[in-house]
Amino acid sequence: MRFAPGGSGNTVGAEAREIPVMLETDVLVCGGGPAGTAAAIAAGRLGARVTIIERYNHLGGLATGGLVIALPSLADQGRPIVAGIGLQMRDAMIETGEAVMRGRADSCYFDPEALKYLSLKLCLEAGVDILHHAWLSDAIVEGQTVRGAVFETKAGTAAALANLVVDATGDGDIFAWAGCGFERSDQSIGLDFRIGGVDVAKWQTARENTPDECADIMHDIHQLCDWGGPFELGAVLTAEGVVWGNNGLRVADALDPRELSKIDIQARLKIRKALELLRKRMPGFANAWLIDTASQVGVRRSRRLAGVYTFTQDDVAQHDFRHPQVVGRGNDFRREGIAYDIPYGVLVPQEMDGLLTCGRCVSCDDEALEPVRVIQVCWVTGQAAGTAAALAAQAGVSPRDLPIADLQETLRGQGVAFAD
Ligand SMILES: Cc1cc2nc3c(=O)[nH]c(=O)nc-3n(C[C@H](O)[C@H](O)[C@H](O)COP(=O)(O)OP(=O)(O)OC[C@H]3O[C@@H](n4cnc5c(N)ncnc54)[C@H](O)[C@@H]3O)c2cc1C
């Protein structure tokens with residue numbers, strides 16, 4: 001027996017056991033969201049052996065499984081901000097007609113299946129080994145260095161050993177288990193969805209001609225369904241009548257499975273009710289039907305690393321924030337006129353070696369996370385983390401000792417945008 005009831009009645013005891021090593025690699029990317037995918041592609045393109053471990057059966061994270069299908073602008077007032085892998089993904093979807101512009105700067109809606117496919121394709125072309133259906137459950141740590149991760153599968157518990165680990169779980173699972181410092185905060189959690197069969201032209205005409213009535217209907221639905229956070233609709237594919245439902249139910253602890261389950265359950269009931277009300281009252285929605293609800297609950301924030309550098313609200317609110325250790329640029333989806341260097345230190349833990357992070361759990365203060373957590377900036381931090389991990393693994397150095405000029409030169413060579 002490996003587990004037995006513990007002495008106090010509300011614990012179980014676990015016996016020490018040997019866990020089989022399923023794989024060894026140069027770079028282990030934990031989590032296959034936008035950040036993890038970009039990290040894996042970047043590291044693979046540099047010739048590193050890379051494995052992604054992802055709990056679900058697809059890549060793209062919240063941008064695909066979470067149905068977060070609105071991609072903000074990759075530029076700011078003519079200044080290129082996001083290039084490299086992010087731009088490659090966005091442009092490939094535009095070329096195939098699987099992303100459509102939204103009319104705000106160069107932001108677009110995209111087909112989540114297109115991003116799943118592209119993320120997979122670019123990973124495979126870069127030689128990345130993908131392990132789905134594996135739920136990371138702990139970090140392997142030797143002294144002050146992360147050596148890999150433990151994960152749960154249908155085949156039992158297994159371990160992955162690596163020269164470098166990239167925590168792209170979005171929630172900072174690996175750095176937390178490894179004992180790194182972090183901060184955390186909560187934000188409204190939602191469950192995005194898509195509606196089909198909408199007469200978008202009719203809806204748009206109503207919004208133009210009778211904006212107050214349409215706003216009242218949305219307000220009533222918000223109240224009647226008791227959405228604690230935002231509830232907004234956007235026309236994704238006008239001709240096909242596809243509408244995106246972005247929302248937030250309530251602020252909750254994103255690391256508590258009971259809370260997440262409650263939100264999933266409540267959201268599905270509320271979406272159904274909202275659709276009924278839309279059908280009855282909103283012009284253009286009489287024949288609307290629910291295409292899908294997200295398979296991945298919409299967590300906006302949880303843990304943030306305590307890194308070598310911590311982004312502040314002031315940094316990311318500047319017209320042109322510069323930093324000597326820049327590894328890419330970011331913008332702000334809420335407003336134009338913002339561009340900031342992303343310092344390498346936001347990816348590097350203060351105290352632990354063998355580990356980098358990227359995506360929505362990088363080192364920043366609570367306010368600074370708002371512009372940094374969006375998809376296009378996650379691609380940038382992901383590409384930087386994967387590149388740094390590959391270079392560090394190849395040079396046999398800790399990420400914190402990687403010569404920044406080498407990293408910057410490699411990123412420039414990959415087409416990443418720098419201010420000059
Ligand atoms: C409701 C909502 C609306 C949003 N709206 C927008 C928007 O309009 N535009 C925009 O750009 N951004 C938006 N965002 C933000 C954006 O979607 C995310 O911040 C971004 O996808 C984060 O990317 P990531 O790679 O850091 O993390 P994630 O996308 O969360 O990916 C993390 C990946 O790691 C995997 N993972 C996590 N833990 C484990 C584990 N223990 N074991 C194995 N795998 C694991 C997950 O399954 C997932 O695939 C929104 C977010 C939400 C929730």
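Side-chain atoms are counted along with the backbone in the values below, which use heavy atoms only and exclude waters and symmetry mates. Only a predicted model underlies this, so the values are computations on that prediction, with no experimental measurement involved. Counting convention: from 1, in listed order, for ligands and their atoms alike.
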How close does the nearest protein non-hydrogen atom get to atom 22 (C) of ligand 1, and which residue and atom is it? Cys378 SG, 3.6 Å
I'd like to know if Asp253 pairs up with Arg184 as an ion pair, taking the criterion as any Lys NZ or Arg NE/NH1/NH2 lying under 4.0 Å from an Asp or Glu carboxylate oxygen. yes
Which residue owns the protein heavy atom closest to atom 37 (C) of ligand 1, what's the atom, and how far is it? Thr169 O, 3.2 Å
Under 3.5 Å between some N or O of ligand 1 and some N or O of Val299? no
Any idea which protein heavy atom is nearest atom 3 (C) of ligand 1, and the distance to it? Asn246 OD1, 3.4 Å
Point-to-point distance, once rounded to the nearest 0.5 Å, from CZ of Arg360 to CG of Leu62: 5.5 Å
Hey, is the main chain of Glu113 close enough, under 3.5 Å, to the side chain of Asp111 for a donor-acceptor pair? yes
min-distance protein heavy atom vs atom 25 (O) of ligand 1 -> Ala35 N, 3.0 Å
Would you call Asp332 and Arg334 a salt bridge, taking side-chain N to carboxylate O under 4.0 Å as the test? yes
Atom indices of ligand 1, in the order listed, that fall short of 4.0 Å to a heavy atom of Ala168: 32 (C), 33 (C), 34 (O)
Check whether Trp244 forms a cation-pi arrangement with Arg194 (NZ or CZ under 6.0 Å from the six-membered ring centre, at most 45° off the ring normal). no
Let me know which of Arg303, Arg373, Arg301 forms a salt bridge (Lys or Arg N to Asp or Glu O under 4.0 Å) with Asp366. Arg301
Please list the nearest protein heavy atom to atom 34 (O) of ligand 1 with its residue and the distance rounded to 0.1 Å. Gly31 CA, 3.2 Å
Does Trp244 reach ligand 1 with a nitrogen or oxygen that is under 3.5 Å from one of the ligand's nitrogen or oxygen atoms? no
Does Arg102 qualify as a cation-pi partner of Tyr109, given the criterion of NZ or CZ under 6.0 Å from the six-membered ring centre and within 45 degrees of its axis? yes
Under-4.0 Å heavy-atom contact with ligand 1, by part of Trp135 that carries it: both
Does the side chain of Leu124 come within less than 4.5 Å of Ile130's, by heavy atoms? yes
Among non-hydrogen protein atoms, atom 19 (O) of ligand 1 lies closest to Arg373 O, 2.5 Å
Selection from Ala70, Gly190, Ser119 by shortest heavy-atom distance to atom 7 (C) of ligand 1: Ala70
With heavy atoms only and a cut-off of under 4.0 Å, state how Leu59 meets ligand 1: side chain, backbone, both or neither. neither
What atoms of ligand 1 come within less than 4.0 Å of a heavy atom belonging to Arg300? 1 (C), 2 (C), 3 (C), 52 (C), 53 (C)
Closest non-hydrogen atoms of Val380 and Ile342, given as atom of the first, atom of the second and distance, are CG1-CD1, 3.8 Å
Could you check, using the six-membered ring where one of them is a Trp, whether His323 and Tyr344 have ring centers closer than 6.0 angstrom? no
Please classify the Val374 to ligand 1 contact at 4.0 Å (heavy-atom distances, strictly less than): side chain, backbone, both or neither. both
N/O donor-acceptor pair under 3.5 Å between Thr64 side chain and Leu59 backbone: yes
What about Cys358: any of its N or O atoms under 3.5 Å from an N or O on ligand 1? no
Which pairs would a plain distance check flag for residues 386-394, meaning a side-chain donor or acceptor within less than 3.5 Å of a matching protein atom at least two apart in sequence or in another chain?
residue, atom, partner, partner atom, Å
Thr387, OG1, Gln383, O, 2.7
Thr387, OG1, Gln414, OE1, 3.2
Thr387, OG1, Gln414, NE2, 3.3
Gln394, NE2, Leu46, O, 2.9

Geometric cation-pi criterion, Arg329 with Phe418: 6.0 Å, 45°: no
Starting from atom 5 (N) of ligand 1, locate the nearest protein heavy atom and write down its residue, its atom name and how far away it is, to 0.1 Å. Val68 CG1, 3.4 Å
Of all the heavy atoms in Gln296, does at least one lie under 4.0 Å from an atom in ligand 1? yes
Quick one: which ligand 1 atoms are inside 4.0 Å of a heavy atom on Ala134? 43 (C)
Which of the atoms of ligand 1 are close to Gly61, meaning less than 4.0 Å from one of its heavy atoms? 29 (O), 31 (O), 48 (C), 49 (O)
Gly359, Pro34, Cys30, Gly33: member with heavy atom nearest to atom 23 (O) of ligand 1: Pro34
Report yes or no: does a heavy atom of Asn247 sit under 4.0 Å from some atom of ligand 1? yes
Check: Asn246 and Phe231 side chains under 4.5 Å, non-hydrogen atoms: no
Per-atom contacts of ligand 1 with Tyr56, taking only distances under 4.0 Å to non-hydrogen atoms: 47 (O)
Atom 35 (C) of ligand 1: nearest protein contact (heavy atom, Å): Glu54 OE1, 3.1 Å
Does at least one non-hydrogen atom of Leu71 fall below 4.0 angstrom from an atom of ligand 1? no
